[in-house]
Amino acid sequence: MKFDQFDCSSLMEITHRPDLVFLQGSGSWLEDSNKKRYLDFVQGWAVNALGHSASEMITAIERQSKLLINPSPAFYNLPSIELASRLTSNSCFDKVFFANSGAEANEGAIKLARKWGKIKKNGAYKIITMKDSFHGRTIATMSASGKLGWDTIFAPQVDGFLKAEINNIDSVESLIDNEVVAIMLEPIQGEAGVIPASDDFLKNLRLLANKNNLLLIVDEVQTGMGRTGKLFAYQHHNISPDIMTLGKGIGGGLPLSALLAREDVCVFSYGDQGGTYNGNPLCTAVGLAVFDTINEPNFMKSIVTKSERLSIALNKLSNKYNLLGERGKGLLRALILNSDDGNNIVEIARNLEPNGLLLNSPRPNLLRFMPALNVKEEEIDLLIYNLDNIFSKILK
Ligand SMILES: *Cc1c(COP(=O)(O)O)cnc(C)c1O
């Protein structure tokens with residue numbers, strides 16, 4: 001692939017990338033090599049919680065990089081201790097294991113559940129996950145995922161993942177046998193198109209897990225760290241899961257993820273779990289800066305206010321163009337189209353002049369919005385203004 005002065009042919013082709021090279025970013029804006037600017041409502045797939053190159057992150061990176069970058073996960077370091085205790089004191093969990101990606105945190109959750117099953121539940125190892133779910137791209141997390149076609153690409157899969165339907169408690173209950181150890185789900189399915197698990201479903205899953213001595217695992221890689229207007233999405237539902245995974249927003253753009261669990265579920269023996277970069281002070285120092293910013297008194301309130309503004313505006317657009325409404329929680333939202341124009345709209349938006357707009361269409365019939373959590377109100381208005389223009393040209 002060659003364009004302008006760039007020769008990208010040494011990069012492995014793993015997805016369709018537009019002919020753009022981004023050189024810098026600030027807040028909700030990215031700038032490419034032609035100095036064209038783009039309003040970014042993707043933010044690395046809900047990763048840049050504070051936007052591009054947030055000052056809080058720059059300060060943390062500068063400070064920590066001069067102190068200590070990686071002493072080894074076999075030694076304690078200060079930022080990881082501090083971030084772990086922030087996470088446990090603000091959740092129902094007692095212990096944290098840091099990793100580098102959402103998939104790796106989920107691998108840890110699967111391993112922890114299997115170990116727990118081995119010790120406490122007669123070797124039970126099967127995990128019930130949901131159709132259309134997304135848990136990552138390692139072999140085990142692909143096997144846990146319910147994405148169409150993923151069962152055959154790298155066959156054989158890792159054994160022991162049973163697929164139920166989100167918001168259908170009977171479909172879960174009917175899969176339970178003595179070999180099942182856990183139920184694992186996203187509180188809102190992100191990649192599937194922002195499909196929330198209902199309050200009823202989550203409460204019933206908790207009851208079902210209690211009744212059958214199963215672990216309830218929430219994958220909050222996308223929904224955690226303020227994305228839905230509470231620190232963690234499970235907190236909307238008055239339930240306590242046994243295990244939670246975090247990723248994406250926790251590092252604000254740096255590779256950081258976490259596996260959290262209740263004390264009596266933490267059954268790893270020495271050597272069961274680890275990893276070269278896990279809990280390194282550079283990434284956890286940035287995680288601390290992100291955590292403290294999100295937890296400033298008015299920050300979470302502002303997420304809710306902005307999400308209402310976005311939701312109301314998307315609904316208006318939906319009415320104006322006869323679309324099928326919007327859904328989501330906080331700043332993870334989707335607008336449901338009445339046609340399969342998603343990718344078409346993404347292209348048109350990116351090519352707008354003078355400033356482009358970056359959107360995401362995880363399913364052909366919808367657009368997903370994952371702005372920075374500190375997105376400005378006028379940036380939301382600009383998104384809506386641009387969508388209105390695009391829709392007026394291409395829809396009906
Ligand atoms: C993105 C995502 C993952 C995978 O995270 P990576 O950092 O890409 O490995 C897992 N689960 C959910 C819900 C996600 O959204």
Side-chain angles (χ1 to χ4, degrees), residues 12 14-15 41-49 97-113 127-148 150 153-154 158 161 163 166 182-197 202 205 216-228 231-234 236 241 243-260 275 277-280 283-284 286-287 290 328-334 360-363 366 368-371 373:
M12 206 177 277
I14 47 101
T15 186
F41 269 74
V42 180
Q43 289 288 357
W45 288 279
V47 166
N48 306 314
F97 170 81
F98 290 112
N100 313 290
S101 69
E104 200 187 347
N106 284 334
E107 284 270 346
I110 294 163
K111 284 169 69 178
L112 191 59
I127 300 179
I128 298 175
T129 61
M130 302 297 143
K131 287 176 186 159
D132 294 322
S133 62
F134 182 84
H135 298 295
R137 293 174 182 281
T138 62
I139 297 273
T141 55
M142 282 183 85
S143 306
S145 299
K147 261 182 96 132
L148 223 60
W150 273 25
I153 309 175
F154 303 109
V158 174
F161 295 100
K163 303 291 179 336
I166 190 168
I183 303 164
M184 176 174 182
L185 83 165
E186 303 154 87
I188 300 173
Q189 291 187 333
E191 302 307 304
V194 189
I195 299 172
L202 287 165
L205 281 184
L216 181 60
I217 306 173
V218 286
D219 175 350
E220 295 230 24
V221 169
Q222 191 158 147
T223 55
M225 302 315 292
R227 176 59 49 186
T228 68
L231 190 53
F232 307 115
Y234 81 82
H236 290 283
I243 296 176
M244 174 171 76
T245 54
L246 298 172
K248 297 205 162 98
I250 189 177
L254 262 72
L256 178 65
S257 67
L259 161 66
L260 295 88
Y277 302 111
N278 292 357
N280 71 79
C283 290
T284 48
V286 171
V290 172
K329 235 183 227 135
L331 289 173
L332 176 60
R333 315 205 72 87
N360 169 252
S361 171
R363 294 280 155 124
L366 58 88
R368 176 175 51 165
F369 307 95
M370 310 159 275
L373 301 179

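Counting from 1, the numbers follow the sequence of the chain as shown. Start at 1 and go down the list; that is how both ligands and their atoms are numbered. It should be emphasised that the depicted structure is a prediction, and the values quoted were computed from it without experimental measurement.
At a 4.0 Å heavy-atom cut-off, the residues surrounding ligand 1 are Ser101, Gly102, Ala103, Asn106, Phe134, His135, Gly136, Glu186, Asp219, Val221, Gln222, Lys248, listed by chain and number.
The side-chain heavy atoms of Ile188 and Leu332, taken from C-beta on, include a pair separated by under 4.5 Å. Looking only at side-chain heavy atoms (C-beta outward), Gln222 and Met370 come within less than 4.5 Å of each other. Contact of the Asp219 side chain with the Val221 side chain is registered, since non-hydrogen atoms from C-beta on lie closer than 4.5 Å.
Shown here are the salt bridge (Lys or Arg N to Asp or Glu O under 4.0 Å) partners of Lys131, two or more places apart in sequence or in another chain: Glu165.
For the pair Lys163 and Ala144, the tightest heavy-atom approach, listed with the atom from each and the gap, is CE-O, 3.3 Å.
Side-chain contact check for His135 and Thr129: no donor-acceptor pair (N or O, by modelled atom type) lies under 3.5 Å.
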